[in-house]
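Lettering of chains follows the sequences in order, A, B, ..., and the numbering in each one begins at 1.
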2 protein chains.
Amino acid sequence: MEDRIDRIKKQLHTAGYKLTPQREATVRVLLEHEEDHLSAEDVYLLVKEKSPEIGLATVYRTLELLTELKIVDKINFGDGVSRYDLRKEGAAHFHHHLVCIECGSVAEIQEDLLEEVEEIVERDWKFKIKDHRLTFHGICYRCQQKHAEEQNQKE
Amino acid sequence: MEDRIDRIKKQLHTAGYKLTPQREATVRVLLEHEEDHLSAEDVYLLVKEKSPEIGLATVYRTLELLTELKIVDKINFGDGVSRYDLRKEGAAHFHHHLVCIECGSVAEIQEDLLEEVEEIVERDWKFKIKDHRLTFHGICYRCQQKHAEEQNQKE
DNA sequence: TTATTATATAATAATCATTTTCGTTCTTTT
DNA sequence: AAAAGAACGAAAATGATTATTATATAATAA
């Protein structure tokens with residue numbers, strides 16, 4: 001945890017920014033919720049628990065800064081709010097998501113899986129790929145199970 | 001064009017809705033701009049040219065309805081506005097996009113390209129895929145050429 | 001150490017896309 | 001024709017995000 005923050009501190013310094021207490025508090029919240037997909041408001045409320053004097057605008061500014069530096073990724077699942085994900089260290093590319101259209105759960109896929117597809121796109125469309133966003137919409141395992149149970153009860 | 005509208009009319013009827021003049025005008029605009037990625041505001045302004053009495057809320061309502069019926073797809077490129085794409089007839093899946101991070105142009109890829117990836121995801125994550133969103137961020141051919149020219153001039 | 005400058009902040013107001021409300025109109029049903 | 005329902009336009013409301021402004025903090029120069 002601490003060493004992770006140290007490295008982020010260095011990244012900020014390299015880019016000419018400082019790790020202020022507010023920024024550190026924000027990063028800590030993101031680290032403690034790596035599995036979740038927090039909105040700016042979510043982050044704000046969580047940071048506020050530890051540092052009540054922080055302002056919402058500061059959280060927005062910090063998240064924007066971290067996004068610029070590619071420390072976090074900004075995602076949009078179409079529900080009207082942007083969500084922020086800490087990028088896995090060493091990850092060159094953005095990870096993928098599985099969004100369940102029934103329960104709304106969001107799972108992550110760290111594997112790349114797109115190497116071949118990207119080769120084809122770069123070749124056939126002469127497009128130099130820098131990053132990607134891939135989200136699958138469907139039904140998660142848990143919800144599939146629920147359906148199976150319901151079927152069994154009917155029979 | 002007309003037969004396309006007829007089929008959309010049928011789709012609406014099947015779902016218990018009517019193709020009102022406002023809805024038809026909106027669909028026509030979408031048909032006439034299939035290549036573009038119009039925002040609700042864009043659609044509104046274009047519909048207004050032909051049907052000046054239409055209201056913005058109606059356009060929003062219509063686009064939402066068409067999205068529900070999977071006649072159009074709602075996309076979000078992260079610029080703060082939702083964009084609406086008429087879904088290609090017979091297309092089971094949402095098409096992909098190439099967004100140029102320099103000039104902002106958006107190209108479409110109709111090919112699926114994800115069959116294999118989806119097989120892997122369904123098998124390994126036990127996730128039943130219903131649809132997908134894939135966007136590549138990078139540099140389009142035109143912008144790459146510009147860079148090459150600049151390089152040549154320096155030499 | 002003090003003065004100067006730049007940077008970051010909190011609080012608030014402003015903005016912009018989208019949604020809701022509400023009174024009206026147009027259809028369909030009775 | 002009356003009643004009920006769907007769809008509409010205009011305007012108000014909402015909610016996420018951004019800009020403003022005055023204040024504080026840190027970095028640097030004197």
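Here the P atom of nucleotide D:dT18 and the CG atom of A:Leu63 are 10 Å apart, to the nearest Å. For the pair B:His13 NE2 and D:dA6 P, the computed distance is 14 Å after rounding to whole Å. What separates CZ of B:Arg23 from C1' of D:dC8 is a distance of 10 Å, to the nearest Å. Summarising the geometry, the separation between CG on A:Leu56 and C1' on D:dA16 is reported as 9 Å, rounded to the nearest angstrom. Distance, A:Leu19 CG to C:dA8 P: 12 Å, rounded to whole Å. If you measure from atom CG of B:Leu66 to atom C1' of D:dA7, you get 14 Å, rounded to the nearest angstrom. Computed from coordinates, the A:Glu64 CD to C:dA8 C1' distance equals 14 Å when rounded to whole Å. Rounded to a whole Å, the OH atom of B:Tyr17 is 17 Å from the C1' atom of C:dT27.
The phosphate of C:dT7 (OP1 or OP2) has no side-chain N or O of A:Thr20 nearer than 4.0 angstrom. Close to C:dT19, at under 4.0 Å from its OP1 or OP2, lies no side-chain N or O of B:Arg61. In terms of phosphate contacts, A:Ser82 brings no side-chain nitrogen or oxygen within less than 4.0 Å of OP1 or OP2 of D:dA16. Distances shown here put a side-chain N or O of A:Gln22 below 4.0 Å from the OP1 or OP2 atom of C:dA10. Taking side-chain N and O atoms only, A:Thr58 has a distance below 4.0 Å to OP1 or OP2 of C:dA10.
For B:Ala57, whose side chain is taken as the heavy atoms from C-beta onward, the closest listed nucleotide among D:dA11, D:dT17, C:dA8 is D:dA11. In the set C:dT18, D:dA16, D:dG9, D:dA16 carries the atom at the smallest distance from any side-chain atom of A:Tyr60. Nearest to the side chain of A:Val81, among C:dT12, C:dA17, D:dA16, sits D:dA16. Of the candidates D:dT17, D:dA27, C:dA17, D:dA27 carries the atom nearest the A:Lys18 side chain, counting heavy atoms from C-beta on.
The partner of C:dT25 is D:dA6, judged by Watson-Crick or G-U wobble contacts that both fall below 3.5 Å.
Salt-bridge check for B:Glu24 with B:Arg28: passed, with a basic side-chain N closer than 4.0 Å to an acidic carboxylate O. We find that B:Arg7 and B:Glu89 are joined by a salt bridge, their nearest charged nitrogen and carboxylate oxygen being less than 4.0 Å apart.
Contact record, B:Lys74 with B:Thr67: CB-CG2, 4.0 Å, taken as the closest heavy-atom pair.
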Begin from the C-alpha positions of A:Glu64 and A:Tyr60 and carry the test side-chain hydrogen bond (donor to acceptor under 3.5 Å, both in side chains) through to its verdict.
-> CA-CA 6 Å; A:Glu64 194 192 340; A:Tyr60 269 103; over 6 Å; no
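Aromatic pair A:Phe77/A:His97: ring centres closer than 6.0 Å.
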